[in-house]
Amino acid sequence: QVQLVESGGGLVQAGGSLRLSCAASGLIFDIRTMAWYRQAPGKQRELVAAITSGGSTNYADSVKGRFIISRDNAKNTVYLQMNSLKPEDKDVYYCNRREPKPPWGQGTQGTVST
């Protein structure tokens, strides 16, 4: 059974940084393109960043140049380093495959104060 556990969220001031982690189990992690998504209340979940098994990355325009996605296949973990945070980055962050499938994890909340 697939399990995705996100962590690392918290409260930071605008301009600050957070590093999110997602530990995956129950899937063949090292061949999967993994991704981070985020969701604001009342809005659809949106793709933030993705990383292939070989380490190629792509980002949503809204986070390009500020966020960095990485992975450690030995630990079945994907990371999201979020820098220069803005109030509009305040969302719940989730990880999943690039073509997401249930179950989703519980997510981790990033809160940015002005």
Side-chain angles (χ1 to χ4, degrees):
Q1 183 177 355
V2 174
Q3 188 173 21
L4 302 165
V5 180
E6 300 93 348
S7 62
L11 172 64
V12 296
Q13 290 188 327
S17 298
L18 284 172
R19 189 187 192 218
L20 308 184
S21 299
C22 171
S25 60
L27 73 162
I28 307 174
F29 181 84
D30 59 358
I31 67 170
R32 302 291 181 187
T33 296
M34 297 297 294
W36 281 96
Y37 301 81
R38 65 185 182 186
Q39 187 171 25
K43 294 188 177 181
Q44 285 192 332
R45 200 167 291 169
E46 63 173 1
L47 177 68
V48 175
I51 184 167
T52 68
S53 58
S56 297
T57 59
N58 62 76
Y59 300 91
D61 288 342
S62 57
V63 307
K64 202 170 291 183
R66 300 188 297 122
F67 290 12
I68 301 171
I69 187 171
S70 61
R71 65 191 295 161
D72 185 336
N73 289 339
K75 295 182 179 180
N76 281 14
T77 300
V78 60
Y79 304 97
L80 186 67
Q81 177 69 43
M82 306 191 297
N83 301 318
S84 302
L85 283 162
K86 304 176 181 180
E88 53 264 40
D89 295 320
K90 173 191 171 183
D91 288 322
V92 180
Y93 287 77
Y94 303 87
C95 72
N96 208 311
R97 307 161 185 79
R98 176 60 183 86
E99 296 180 354
K101 297 179 181 179
W104 291 84
Q106 83 288 348
T108 186
Q109 174 78 57
T111 302
V112 183
S113 63
T114 55

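Shown here is Lys101, whose NZ atom has no more than 12 heavy atoms of other residues, nucleotides or ligands within 6.0 Å. Surrounding CD1 of Ile31 are more than 12 heavy atoms belonging to other residues, nucleotides or ligands, all under 6.0 Å away. Counting heavy-atom neighbours within 6.0 Å of Gln13 CD, excluding the residue itself, gives a total of 12 or less.
The two residues Ala23 and Thr77 come nearest to each other via the heavy atoms CA-OG1, 4.1 Å. Taking all atoms of both residues into account, the shortest heavy-atom contact from Arg38 to Ser62 is NH2-OG, 3.4 Å. Taking every heavy atom of both residues into account, Cys95 and Val78 meet most closely at CB-CG1, 4.2 Å. What you find for Val2 and Pro103 is that their closest heavy atoms are O-CG, 3.4 Å. Minimum heavy-atom separation, Arg66 to Asp89: NH1-OD2, 2.7 Å.
Checking side-chain atoms of Tyr94 against main-chain N and O of Arg45 turns up no donor-acceptor pair under 3.5 Å. When atom types are taken as modelled, the side chain of Tyr93 and the backbone of Leu80 share no donor-acceptor pair closer than 3.5 angstrom. Under a 3.5 Å cut-off, the side chain of Asn58 and the backbone N or O of Ile51 do not form any donor-acceptor pair. Distance alone, capped at 3.5 Å, is enough to place a donor-acceptor pair between the Thr108 side chain and the Gly9 backbone. Looking at Arg71, its side chain never comes within 3.5 Å of a backbone N or O of Thr33 through a donor-acceptor pair. With hydrogens and angles disregarded, a donor-acceptor distance shorter than 3.5 Å links the side chain of Gln106 to the backbone of Glu6. No donor-acceptor pair under 3.5 Å is formed between the side chain of Gln1 and the backbone N or O of Gly26.
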Going through the distances and angles, do Asn83 and Ser17 end up as a side chain to side chain donor-acceptor pair (under 3.5 Å)?
CA-CA 4 Å; Asn83 301 318; Ser17 298; 3.0 Å; yes
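For the atom pair NZ (Lys75) and CG (Asn73), the distance works out to 12.0 Å, reported to the nearest 0.5 Å.
Between Asn96 and Leu4, some side-chain heavy-atom pair lies under the 4.5 Å cut-off. The closest side-chain heavy-atom distance from Lys86 to Val112 is not below 4.5 Å. Put simply, the side chain of Asp91 does not reach to within 4.5 Å of the side chain of Gln39, judged on heavy atoms. Two residues are said to be in side-chain contact when any heavy atoms from C-beta on lie closer than 4.5 Å; Leu27 and Arg97 meet this criterion.
The hydrophobic clustering, which links ILVMFWY residues whose side-chain heavy atoms are closer than 4.5 Å, places Val5 and Met34 apart. Side-chain heavy atoms closer than 4.5 Å link hydrophobic residues (I, L, V, M, F, W, Y) into clusters, and following such links, possibly through other members, connects Val92 to Leu47.
Each of Ile69, Leu20, Asp72 was evaluated against Tyr79; a single residue qualifies, Asp72, per the side-chain contact (heavy atoms from CB on, under 4.5 Å) test.
Partners of Asn76 according to the side chain to side chain contact (heavy atoms under 4.5 Å, CB included) rule, which considers only residues two or more places apart in sequence or in another chain, are Phe29.
Using cut-offs of 30° and 60° for the angle between ring planes, the Trp104 and Tyr37 rings count as perpendicular.
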